[in-house]
Amino acid sequence: MKEIAKAYNSKETEDRIYKMWEESGFFNPDVCVKKGIAKPNAESYSIVLPPPNVTGTLHMGHAAMLAIEDILIRAARMQGKKTLWIPGTDHAAIATQAKVESDLYKKEKKTRRDLGREEFLKLVEAFAKESHDTIIHQLRKMGSSLDWTREAFTLDDKRNMAVRTAFKRMHDDGLIYRGARIVNWDPKMQTTVSDDEIEWIEEQGKFYYLKYGPFVIGTSRPETKFGDKYVVLHPDDNRYKQYKHGQQLQVEWINGPITATVIKDTAVDMEFGTGAMTITPWHDATDFDIAQRHRLDKQQIIDFQGKLLPIAGEFAGLHISKARQLIVEKLQNKGLVDHIDEKYTHRLATNSRGGGIIEPQIKEQWFVAVNKPFTLKESHIPAIPSESETTLKELIRKTVESKQIAILPERFEKTYYHWIDNLRDWCISRQIWYGHRVPVWYRDKETYAGVQAPEGEKWEQDPDTLDTWFSSGLWTFSTLGWPEQTQDLKTYHPTTVLETGYDILFFWVARMILMAGYHTGNVPFRNVYLHGLVRDDQGRKMSKSLGNIINPLDMIEKYGADATRLSLIIGAAPGNDIKLSEDKVRGYKYFTNKIWNVSRFILLNTEGEVDLAKKPQLTPKQEQLLEELKKLSQETTQDIANFRLYLAGEKLYHYFWHRFADVIIEESKPAFRQSTGEEKISTQWLLLAILTTLLKLLHPFTPFVTEEIYQHLPILQRKQLLMVEQWPIL
RNA sequence: GGGCGGCUAGCUCAGUCGGUUAGAGCGUCGCAUUCACAUUGCGAAGGUCACAAGUUCGAGUCUUGUGCCGCCCACCA
C-alpha cells in the first residue's frame with residue numbers, strides 16, 4: 001500500500017486534485033452524459049455564476065458564494081442530474097472605468113479625455129484582462145467545479161449580440177425610449193447613474209430661511225435658487241389660503257426683482273419648515289415632478305461641470321462648492337435672510353461607483369419604461385397568460401407573487417415588493433466609454449435602432465454606453481446562447497438556482513426577472529438563495545481602511561480550500577451575515593485533518609481490496625450503525641435539496657467526528673487487535689462502508705480532502721473519481 | 001417617515017414554520033494519553049431562550065405591546 005502522510009497537506013494536494021478533475025472533463029455535463037454519469041434524459045440542474053466584476057480580486061463574499069454554489073452543483077452531479085455551472089466575469093462598466101481612470105490620474109496625471117476613447121479603452125481592456133485572469137485563478141483555487149468550456153464575459157461578442165437584440169426588441173415595443181427627464185448626474189465622472197447606484201451620505205449642514213416676497217422659504221441649497229420663480233404651497237394650508245393657485249406677485253430676489261407664481265400642490269409637507277417652498281425643477285427630482293404636473297418652466301442653473309450658468313449673474317462660472325457662502329452673504333446684505341438653522345442634517349447623494357456628488361440634471365437619456373403596457377406574446381408564467389397585456393412592473397411582481405420563483409429567505413420577498421412599489425423608469429444610458437454601446441444610430445433627424453448598423457452614409461452611433469446591469473440582466477439566458485434557440489437554452493433555462501448576496505437583490509435579481517420575463521416569457525431561475533455579507537469577528541464590514549480584510553487566498557494557503565469553504569457554510573443561514581475569524585477557519589482545518597486520520601486508521605487496518613457489495617454477516621449492533629448512517633444520509637440529502645447547507649454541514653461534521661471517530665472507531669479497535677477472522681472482516685467491511693458513504697456525503701463540502709482519500713480507498717467499487725460517484729441511495 | 005430583521009451558554013450561532021430533561025462550535029476548568037490524529041481523548045461548569053401580557057393540554061417557536069441593536073427604502077425642499 002502506498003505510504004500515507006501523517007497529516008493532511010492541503011497545499012500539496014489541492015492543485016493536483018483540481019487538475020485531475022478538470023482533465024476528466026466532468027465539469028461539462030455533455031461529458032457526463034457521454035460517459036454515462038448522467039442519463040441523456042436526466043433532470044437538469046443549472047446555476048449561472050454571478051459574474052465577479054473585473055475590477056480586482058475576489059473577497060470572502062465571493063468565496064462564500066462559490067462554496068454554496070459548488071456544494072449544490074457537486075451534490076446534483078453525484079445525484080446523476082445533468083449539472084451545469086457556467087463561469088463568467090462582469091465588465092462592470094462604470095466601476096471598472098472609474099478604477100482605471102483613477103489609476104491613470106495617479107500614475108500619469110492624465111484623464112481619459114487626454115487619451116481619447118480608443119486609447120483609453122485599450123487601457124481598460126488590458127486592466128480587465130489582468131483582473132479576469134486573477135479571478136479565474138481564484139475560482140479554481142476554491143475548488144469550483146465550473147464548466148470552463150462555457151465561460152462567458154458580459155462584454156464579449158456573444159453577449160453583445162444578446163444586448164443589441166434585447167435593446168432592439170424592447171425599443172420596438174416602446175419599452176425603451178429616449179426622453180429628457182431628470183437624472184442623477186455625476187459631474188466628476190461625467191455620466192448619469194441609476195437611482196440604485198446612489199449612496200446617500202448624512203451631512204451636517206445649515207438650513208436657510210429666506211424671505212421670498214411675503215413668504216419665508218426654507219432651503220439647504222441657496223446656490224440653486226437663482227431661477228426660482230414658483231412658490232409652492234399645500235392646498236389645505238390655512239396659513240396661505242389668501243394666495244390662489246396661479247396668482248402672480250413681484251418679489252425681490254438674489255439678483256433683483258422677479259415675477260413669482262403661486263402653485264398649490266400636495267407634495268408640500270405642511271409640517272416642514274414654513275410650509276412654503278420654491279422649486280428648482282432642473283436640479284431636483286421632487287421639483288421636477290411638481291413642474292411636470294403643472295407644466296411649469298424649467299431652467300438650468302448649474303452646468304455639467306458643476307459651475308453656475310449666466311443666470312447666476314455675478315456668480316456665473318463659480319463652482320457650486322464655492323458659491324454657497326458668497327450667495328448667502330449677498331442675501332444677508334440684501335436683508336433676505338430671515339434666519340439660519342445652524343444644525344441641520346441632510347442627505348447627500350453620491351455615486352457609489354467611485355464617483356462624486358450627484359447633481360440632478362435634466363438630460364436626454366435612454367429609459368426603460370416600467371409602467372407602460374405591452375403585450376407579452378408567449379408566456380410560461382401562469383399569472384400572465386400569453387397574448388395578455390401587462391407592464392414590466394406587473395410582470396416582475398406577479399412572477400414572485402404567484403410563486404414561480406421562491407426567494408430564500410422568504411422575508412426578502414417583502415423587500416422585493418417594496419422596491420417594485422418605488423420603482424421609476426430605469427435610466428440605462430451612461431456617458432462612459434467602457435461598456436455596450438447603445439445600438440442606435442442618428443442621421444440628421446432620423447433615428448435607427450437595430451442589431452446592426454444601418455445601411456447608407458453618414459450614420460453616427462449614439463456615443464453612450466449601457467448601464468452594466470442591462471447586460472447582467474440577460475445573464476441567465478445570454479450565457480446559454482440566446483437569442484439563438486440553442487440546445488443549452490432548452491435544457492438549462494430557467495436555471496435551477498440563482499445564488500447571490502442580498503445586497504444586489506434590486507440591482508440584479510429583479511432585473512434578471514424583468515429581462516427573462518420579457519424576452520423569454522419565463523422566469524430566469526426557480527429559486528433565489530440570498531447569502532449574507534461576510535463580516536469580521538466583531539461584525540464589522542471588511543474594508544481596506546479598517547485593515548480587517550481576510551483574503552480567501554491567504555486562508556486557502558494556510559488552512560486549505562476545504563476548511564475555508566466549511567467556515568463560510570457552517571453557522572451561516574441564508575440571508576444572515578456571516579461573522580468570520582481566522583480561528584474559525586483553523587478549526588475546520590482540524591476537521592479536514594480528522595477526516596484524513598480516520599481514513600488513515602481504516603486504511604492501515606484493511607488488508608487487500610474489499611468488495612462493498614459483498615456484505616458479511618453483521619452483528620445487530622453493526623446493523624444498527626448502518627441504519628443510523630442511512631438516516632444521516634437521508635437527512636443530508638433533504639437538507640441540501642432544501643438549501644439548509646449550514647445544517648447538513650454541521651450534522652456531517654458532528655457525526656464524522658463525534659460519532660464515527662470518537663465512538664464507532666474507538667469501539668472497533670479491540671476487533672482489530674484480537675484479529676479473529678470473522679469479527680475483523682465484518683468490522684473492516686463496516687468501517688469502509690461507513691467511510692465511503694461519509695466521503696460521498698462530505699464531498700460537496702470538502703471536495704479536495706475527500707477526493708484525495710477516495711483515491712486511496714481499497715474498495716472494489718471505486719471508479720475513477722469521487723466527484724462523479726453515485727450519491728448514497730439508502 | 002415607511003418597512004425588514006436580530007435579541008437563545010463567556011463568544012459565534014443552530015433550533016427544519018407548537019410537542020419529552022433547550023443544542024453545536026469555539027473558549028474556560030479538571031483528568032488522561034507515546035496505541036490514526038496534541039490538528040488528541042474523556043469529563044465538568046455555564047442559559048428565568050431581551051421584557052410584559054395573551055392564545056394553547058403544551059410556547060424559544062404563534063399573537064399583541066415595550067425596550068435596545070442593525071439593515072433597507074423614501075420626493076421634509
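Hydrogens, waters and symmetry mates play no part in the numbers below; they use all other heavy atoms, side chains included. No experiment lies behind these values; they were computed from the predicted model shown. Note on naming: letters A, B, ... go to the chains in the order of the sequence lines (proteins, then strands), and numbering restarts at 1 for each one.
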**Message:** Using a 3.5 Å distance criterion without hydrogens, assess whether the side chain of A:D186 forms a donor-acceptor pair with backbone atoms of A:N351.
**Reply:** no
**Prompt:** Using a cut-off of 4.0 Å on non-hydrogen atoms, how would the nucleic acid contact of A:R644 be classed: base, sugar-phosphate, or nothing?
**Reply:** base
**Pairing partner of B:U40 (Watson-Crick or G-U wobble, both distances under 3.5 Å)** = B:A32
**Message:** Please name the nucleotide paired to B:U48 by Watson-Crick or G-U wobble geometry with both distances under 3.5 Å, or report none.
**Reply:** none
**Request:** Establish, with yes or no, whether the OP1 or OP2 oxygen of B:G3 is under 4.0 angstrom from a side-chain nitrogen or oxygen of A:K414.
**Result:** no
**Asked** Pick the nucleotide of RNA chain B nearest each of A:E650 and A:T415; which residue has the one closer to the 5' end?
**Response** A:E650
**Asked** Rounded to whole angstrom units, what separation is found between the NE2 atom of A:H418 and the P atom of B:C73?
**Response** 10 Å
**Fill in**
Rounded to whole Å, the NZ-P distance (A:K6 to B:U34) equals 13 Å
**Message:** Using whole Å, what does the distance between atom C1' of nucleotide B:C35 and atom CZ of A:R600 come to?
**Reply:** 12 Å
**Message:** Does A:G649 reach a base, just sugar-phosphate, or nothing at all? Heavy atoms under 4.0 Å.
**Reply:** nothing
**Message:** Counting only side-chain nitrogens and oxygens, does A:K589 get under 4.0 Å of the OP1 or OP2 atom of B:C37?
**Reply:** no
**Complete:** A:D583 CG to B:C11 C1', in whole Å, measures 11 Å
**Asked** Of all the nucleotides listed (B:A36, B:A77, B:G25), which has the minimum atom distance to the side chain of A:T219?
**Response** B:A77
**Request:** For B:U63 and B:U55, measure between their P atoms and round to the nearest Å.
**Result:** 15 Å
**Asked** How far, in whole Å, is B:U21 from B:G25 if one measures between their C1' atoms?
**Response** 22 Å
**Request:** Please report, rounded to the nearest Å, how far the P atom of B:A77 is from the CG atom of A:D237.
**Result:** 18 Å
**Prompt:** Expressed as a whole number of Å, how far does the C1' atom of B:C62 sit from that of B:G2?
**Reply:** 25 Å
**Asked** Do we get A:R565 above A:F701's six-membered ring, with its NZ or CZ under 6.0 Å from the centre and within 45° of the axis?
**Response** no
**Message:** So A:H658, base contact, sugar-phosphate only, or nothing? Heavy-atom distance under 4.0 Å.
**Reply:** sugar-phosphate
**Message:** In this structure, how many angstroms lie between the C1' atom of B:C76 and the NZ atom of A:K343, rounded?
**Reply:** 19 Å
**Message:** Does B:C75 have OP1 or OP2 under 4.0 Å away from a side-chain N or O of A:R347?
**Reply:** no
**Request:** Could you tell me whether A:E14 and A:K11 have a side-chain N and a carboxylate O separated by less than 4.0 Å?
**Result:** no
**Request:** Sticking with atom P, work out how far B:C26 lies from B:A22, rounded to a whole angstrom.
**Result:** 22 Å
**Message:** Given the ring of A:F207, does A:K343 sit roughly above its face, with NZ or CZ under 6.0 Å from the centre of the six-membered ring and within 45° of the axis?
**Reply:** no
**Prompt:** Taking atom C1' in both B:G6 and B:C49, what distance in whole Å separates the two?
**Reply:** 14 Å
**Item:** Interatomic distance, A:D577 CG vs B:G70 P [rounded to whole Å]
**Value:** 13 Å
**Prompt:** Which part of the nucleic acid, if any, lies within reach of A:I217 when heavy atoms closer than 4.0 Å are counted: base, sugar-phosphate only, or nothing?
**Reply:** nothing
**Request:** Determine which nucleotide pairs with B:C71, using a 3.5 Å limit on both distances of a Watson-Crick or G-U wobble pair.
**Result:** B:G3
**Prompt:** Can the positive tip of A:K225 be found less than 6.0 Å from the middle of the six-membered ring of A:W253, inside 45° of the ring normal?
**Reply:** no
**Prompt:** Should B:G27 form a Watson-Crick or G-U wobble pair with both distances under 3.5 Å, which nucleotide is its partner?
**Reply:** none
**Complete:** Side-chain atoms of A:N593 come closest, of B:U39, B:A14, B:A77, to B:U39
**Prompt:** Are any of A:N576's side-chain N or O atoms less than 4.0 Å away from OP1 or OP2 of B:A14?
**Reply:** yes
**Asked** When all nucleic acid strands are considered with a 4.0 Å heavy-atom cut-off, which category describes A:Y653: base, sugar-phosphate, or nothing?
**Response** sugar-phosphate
**Message:** Categorize A:D662 for me: base, sugar-phosphate, or nothing, with a 4.0 angstrom heavy-atom threshold over every strand shown.
**Reply:** sugar-phosphate
**Message:** Between A:Q365 and A:R181 (side chain of the first, backbone of the second, donor and acceptor by atom type, cut-off under 3.5 Å), is there such a pair?
**Reply:** no
**Message:** Distance check, P atoms only: B:U12 and B:A59, in whole angstrom units.
**Reply:** 29 Å
**Message:** Quick check: on RNA chain B, is the nucleotide nearest A:S599 upstream (toward 5') of the one nearest A:T592, or the reverse? Name the residue that is more 5'.
**Reply:** A:S599
**Asked** Looking for any heavy atom pair under 4.0 Å, which part of the strands does A:A572 touch: base, sugar-phosphate only, or nothing?
**Response** nothing
**Message:** At less than 4.0 Å, is any side-chain N or O atom of A:W657 found next to OP1 or OP2 of B:C37? Yes or no.
**Reply:** no
**Message:** Tell me whether the side-chain N/O atoms of A:K594 come closer than 4.0 Å to OP1 or OP2 in B:U40.
**Reply:** no
**Message:** Just to be sure I understand the rule, does A:E666 reach a base, reach only the sugar-phosphate, or reach nothing, if contact means heavy atoms closer than 4.0 Å?
**Reply:** base
**Message:** Measuring only the C1' atom in each nucleotide, how far is B:G41 from B:A36? A whole number of Å is fine.
**Reply:** 13 Å
**Message:** Distance check needed: B:C4 C1' versus A:D421 CG, whole Å only.
**Reply:** 14 Å
**Request:** Between B:A74, B:C4, B:A14, spot the one nearest the side chain of A:R411, thanks.
**Result:** B:C4
**Message:** Pair A:E394, A:I420 - check side chain to side chain contact (heavy atoms under 4.5 Å, CB included), show working.
**Reply:** CA-CA 9 Å; A:E394 185 185 54; A:I420 293 174; over 6 Å; no
**Prompt:** With a cut-off of under 6.0 Å to the ring centre and 45° to the axis, is A:R511 in cation-pi contact with A:Y416?
**Reply:** no
**Message:** Please report the distance separating the P of B:U16 from the corresponding atom of B:G54, rounded so that it comes out in whole Å.
**Reply:** 25 Å
**Asked** With a non-hydrogen cut-off below 4.0 angstrom, is A:G587 in contact with a base, only sugar-phosphate, or nothing?
**Response** nothing
**Message:** I'd like to know if A:K669 reaches the base of B:A36 with its side chain, counting only an N/O donor and acceptor under 3.5 Å.
**Reply:** yes
**Request:** Quick one: look up who B:G54 pairs with, Watson-Crick or G-U, both distances under 3.5 Å, and put none if it's unpaired.
**Result:** B:C62
**Complete:** pair_partner(B:C17), Watson-Crick or wobble, both distances < 3.5 Å, evaluates to none
**Message:** I want to verify a distance call: between B:U16, B:A77, B:A36, whose nearest atom is closest to the A:L647 side chain?
**Reply:** B:U16
**Asked** Are A:Y646 and B:G15 close enough that a side-chain N or O sits under 4.0 Å from OP1 or OP2?
**Response** yes
**Request:** Between B:A36, B:U39, B:A74, spot the one nearest the side chain of A:F601, thanks.
**Result:** B:A36
**Message:** Categorize A:V232 for me: base, sugar-phosphate, or nothing, with a 4.0 angstrom heavy-atom threshold over every strand shown.
**Reply:** nothing
**Message:** Which heavy atom of A:Y502 sits nearest to which heavy atom of A:L530, and what is that distance?
**Reply:** CA-CD2, 3.9 Å
**Ring centroid separation A:Y588 to A:Y559 under 6.0 Å** = no
